[in-house]
Every structure is written in structure tokens, then in C-alpha cells.
Amino acid sequence: MARAPHLTHLGTGSFRSEPGPGGALSVSELATCFAASRSLVCLSGFLDVNGAYLPAIYQVCPNLTSLNFSFAALTDEEFIPVIRHCINLRTLWVPDTVGDEGLRAVAETCSNLRELRVFPLDATEDSEGSVSDIGLEAISEGCRKLESILYFCQRMTNAALVAMSENCPDLLVFRLCIMGRHRPDRITGEAMDEGFGAIVMNCKKLTRLLVSGLLTDKAFAHIGKHGKLIKTLFVAFVGNSDMPLKHVFEVRDSPFGDKGLLSGLNYFYNMRFFWMNSCRLTVRGCGDVAQQMPNLVVEVMKENEGEINTIDKLYLYRSLAGPREDAPSFVNIL
């Protein structure tokens with residue numbers, strides 16, 4: 001650090017001091033090294049962090065525009081003193097271990113934030129999770145210039161999504177992953193239709209959307225009507241009929257079948273690709289698509305040999321070169 005005063009981006013692995021020939025660095029010595037880097041604007045990595053050493057970066061924090069703590073399991077007590085110094089951040093990646101209190105500190109400090117990503121330390125469906133609608137709503141109130149958000153959580157409310165849509169109308173990317181299948185509004189028990197409907201209605205610039213939680217066809221009606229600029233839509237564990245399928249680019253574990261697939265024939269040429277996984281599709285339905293749309297490559301994959309007429313995965317894509325010749329044995333090109 002002392003020998004690279006013009007360094008602008010630093011990705012550090014272990015952020016702790018190990019005893020060496022000259023002994024371990026103290027926090028004050030490490031802080032002096034960071035103080036010499038007047039040009040530092042981006043810090044990332046932090047794979048192995050000793051929280052006692054975090055004060056060493058305080059002096060460079062006011063100049064940072066990007067901070068990535070996504071691999072560091074920081075508590076809110078460790079994280080908050082750092083973020084209080086980051087007044088000019090535009091990009092922040094953090095683990096959910098910072099909790100709602102940590103996100104509240106972000107909202108109170110980082111008014112210029114443009115991108116926020118909150119990753120789960122434990123990505124299983126039954127994990128407790130440390131962030132919720134409380135943290136999301138706080139972010140919406142304090143970071144009104146936000147353009148992109150990825151948010152993993154276990155608990156969410158429609159009210160928080162409505163607040164986000166009203167406070168952050170310039171959102172281009174909104175990806176909310178409520179881990180666990182068909183999770184409703186944690187307070188009212190209702191589907192999350194109102195919240196996601198507000199996102200697509202109020203965020204007119206939205207181009208990328210991930211929806212999750214308990215949703216009905218009503219939410220997809222809102223997306224189809226108001227999400228005119230959406231280029232990428234990710235859907236997981238939602239929907240209750242074939243009606244919304246024509247609006248979906250990627251579908252996973254949702255109850256869509258042949259009827260919904262065929263309803264999208266007029267849209268497939270406008271997409272770069274179309275992927276379906278663990279849905280109710282048959283070989284005949286996919287064959288109909290291949291026959292009616294010869295300029296699309298239709299690949300189907302089977303994992304369960306016991307089901308003769310059903311498929312596990314479908315992948316449609318445009319290709320000027322035609323079907324590939326290197327498909328593995330479990331891929332059948334129709």
C-alpha cells in the first residue's frame with residue numbers, strides 16, 4: 001500500500017495481520033499504509049476478516065465509491081462503524097449478516113448509492129436470515145437515487161415494495177429473492193401481487209426484474225401491462241396457471257405446461273433465449289414449437305427415465321448456425 005500511492009482498486013483476501021519476520025502489523029501501522037493511498041476508490045475481497053483491523057480503512061472510506069463486503073460475515077457492530085465513514089458510496093455489496101440495523105446505517109449515510117446487493121450467508125430455504133422488509137424500506141427512504149438492487153431475504157411485505165417503488169422511481173434493476181417457496185406478506189399473509197405490481201407501475205425505467213414469494217396471475221398481469229421496458233424477467237416458484245407464461249424469459253419450478261408454452265409462439269423470436277425447468281411440459285408440446293418455428297433451436301433434457309412423455313428442461317434459442325453438433329447424450333434436439 002505504501003509503495004502504490006496511486007492505486008485506485010484493491011481486492012484484498014485475508015484482512016488480518018499474520019506474524020512475519022518483523023512481527024505482525026498493528027492496526028495503527030496498517031492505517032498509516034492505507035492513509036498513503038489517496039486515490040483508492042474501490043475496496044473488495046475481504047475473504048477472511050479480523051474485525052479489529054477494520055478501523056485501518058476508516059481514512060480511505062470517505063473517498064470510496066465502491067465497497068464489496070459480500071464474502072465477509074460481518075456483524076452489524078463491525079459493519080456500522082465502517083459504513084458511517086462511506087459518505088460517497090455508489091456501489092455496495094454486503095452479506096445479510098449486517099442485518100436490518102446495518103442497512104439502516106447505509107440509508108442514513110449513503111444518499112448517493114446507486115447499486116446495492118445483499119447476499120445470503122446461508123442460502124437454504126429454512127435459514128433464519130438477518131434482513132427483512134424493515135431493511136429494504138429503510139434503504140428506499142435514504143437511498144432515493146438507487147438504480148439497481150439485489151436483495152435476498154426470508155421475510156417481506158407488500159408495504160415495503162410499495163415504499164421502494166415510490167421512493168426509488170429510477171430503478172433499472174429490481175431483483176428480490178424471497179428464499180423459500182410461496183412466501184406471502186409476512187404481516188398480512190396475502191400474496192405479494194400488490195408490491196410487485198407497484199414496482200412495475202412506478203419504476204418506469206425498469207429493465208430487469210426478479211420476482212419471488214407468493215404470487216398469483218394478477219402480478220403477471222401488472223408486469224405484462226406496465227413492464228414495457230423489461231428485457232429480463234426471472235420467475236421462481238410462482239404463478240397459478242398458464243396465463244403469465246408469455247411474459248416470462250426464465251421459469252423454474254412453476255406450474256406452466258404445453259398450453260402456456262404454445263401461447264408464447266408470437267414472442268419467442270423476440271427473445272435471445274427461453275429456459276424452462278421442472279415444469280409440466282411434454283415432448284409433444286415441445287415438438288409442436290420446433291415444427292412451427294424452424295428458425296429456433298429446441299433442446300429438451302430428461303433426467304427421469306420413468307416418465308416417457310414428459311421432459312425436465314427446455315431450452316429455446318436463436319442461432320444463425322443452426323443446431324449444435326456437440327450436444328451431450330442427455331440433450332435431444334427436436
Side-chain angles (χ1 to χ4, degrees), residues 124-125 175 177-184 191-193 196 200 208-225 227 230-334:
T124 59
E125 290 187 33
R175 293 185 288 170
C177 186
I178 305 173
M179 293 181 292
R181 304 181 186 223
H182 314 297
R183 294 280 174 89
M192 297 297 298
D193 298 339
F196 282 105
V200 294
R208 193 174 188 185
L209 175 65
L210 186 156
V211 297
S212 56
L214 179 62
L215 292 178
T216 72
D217 294 347
K218 182 179 179 181
F220 293 93
H222 289 310
I223 294 171
K225 182 177 180 180
I230 292 178
K231 297 180 180 179
T232 307
L233 175 61
F234 296 94
V235 182
F237 315 131
V238 297
N240 55 359
S241 78
D242 278 330
M243 288 301 292
L245 186 59
K246 65 182 180 181
H247 307 301
V248 177
F249 288 3
E250 179 170 337
V251 184
R252 183 164 59 94
D253 295 326
S254 298
F256 303 134
D258 290 348
K259 183 178 179 181
L261 178 68
L262 295 172
S263 73
L265 289 176
N266 294 330
Y267 302 88
F268 293 147
Y269 280 143
N270 297 325
M271 302 178 185
R272 287 188 301 168
F273 70 90
F274 187 99
W275 170 268
M276 293 184 69
N277 181 57
S278 299
C279 297
R280 299 192 303 230
L281 296 177
T282 68
V283 174
R284 179 177 179 178
C286 297
D288 288 343
V289 174
Q291 184 176 14
Q292 296 184 51
M293 308 195 76
N295 294 325
L296 277 184
V297 178
V298 180
E299 297 187 0
V300 296
M301 287 145 268
K302 288 182 62 64
E303 295 176 354
N304 187 355
E305 296 299 330
E307 294 291 337
I308 299 177
N309 295 319
T310 61
I311 66 167
D312 297 299
K313 297 179 178 67
L314 166 70
Y315 184 37
L316 309 180
Y317 58 93
R318 298 194 312 250
S319 173
L320 295 177
R324 57 181 172 145
E325 299 178 354
D326 61 346
S329 58
F330 61 85
V331 174
N332 183 22
I333 301 178
L334 302 180

Worked check of side-chain contact (heavy atoms from CB on, under 4.5 Å) between Val300 and Val283:
CA-CA 8 Å; Val300 296; Val283 174; 5.8 Å; no
NZ/Lys225 to CD1/Ile223 distance, rounded to the nearest 0.5 angstrom?
14.0 Å
Restricting to non-hydrogen atoms, name the atom on Asp193 and the atom on Ala219 that form the minimum distance, rounded to 0.1 Å.
OD1-CB, 3.3 Å
Check the pair Leu316, Val297 against side-chain contact (heavy atoms from CB on, under 4.5 Å), reporting the backbone distance first and the verdict last.
CA-CA 6 Å; Leu316 309 180; Val297 178; over 6 Å; no
Value rounded to 0.5 Å, distance of CG in Leu281 from CG in Leu314:
6.0 Å
Any side chain to side chain donor-acceptor pair (under 3.5 Å) involving residues 321-334? Give me the pairs, sequence neighbours left out, ordered by first then second residue.
Glu299-Arg324
Return all side-chain donor-acceptor pairs below 3.5 angstrom for residues 284-294, not counting sequence neighbours, or 'none' if the list is empty.
none

Between Ile333 and Ala327, the two heavy atoms sitting closest are CD1-CB, 4.2 Å
Which pair of non-hydrogen atoms, one from Gly213 and one from Ile178, has the smallest distance, and what is that distance?
CA-CD1, 4.0 Å
NE2 of His182 to CG of Leu214, rounded to nearest 0.5 Å, is 8.0 Å
For the student: nearest non-hydrogen atoms of Cys177 and Ser212, plus distance
CA-OG, 3.4 Å
Which residues satisfy the ring-ring contact (aromatic ring centres under 6.0 Å, His included) test with Tyr317, sequence neighbours excluded?
Tyr315
Got a sec, which residues hit side-chain contact (heavy atoms from CB on, under 4.5 Å) with Arg208, two or more places apart in sequence or on another chain?
Val173, Arg175, Thr232, Phe234
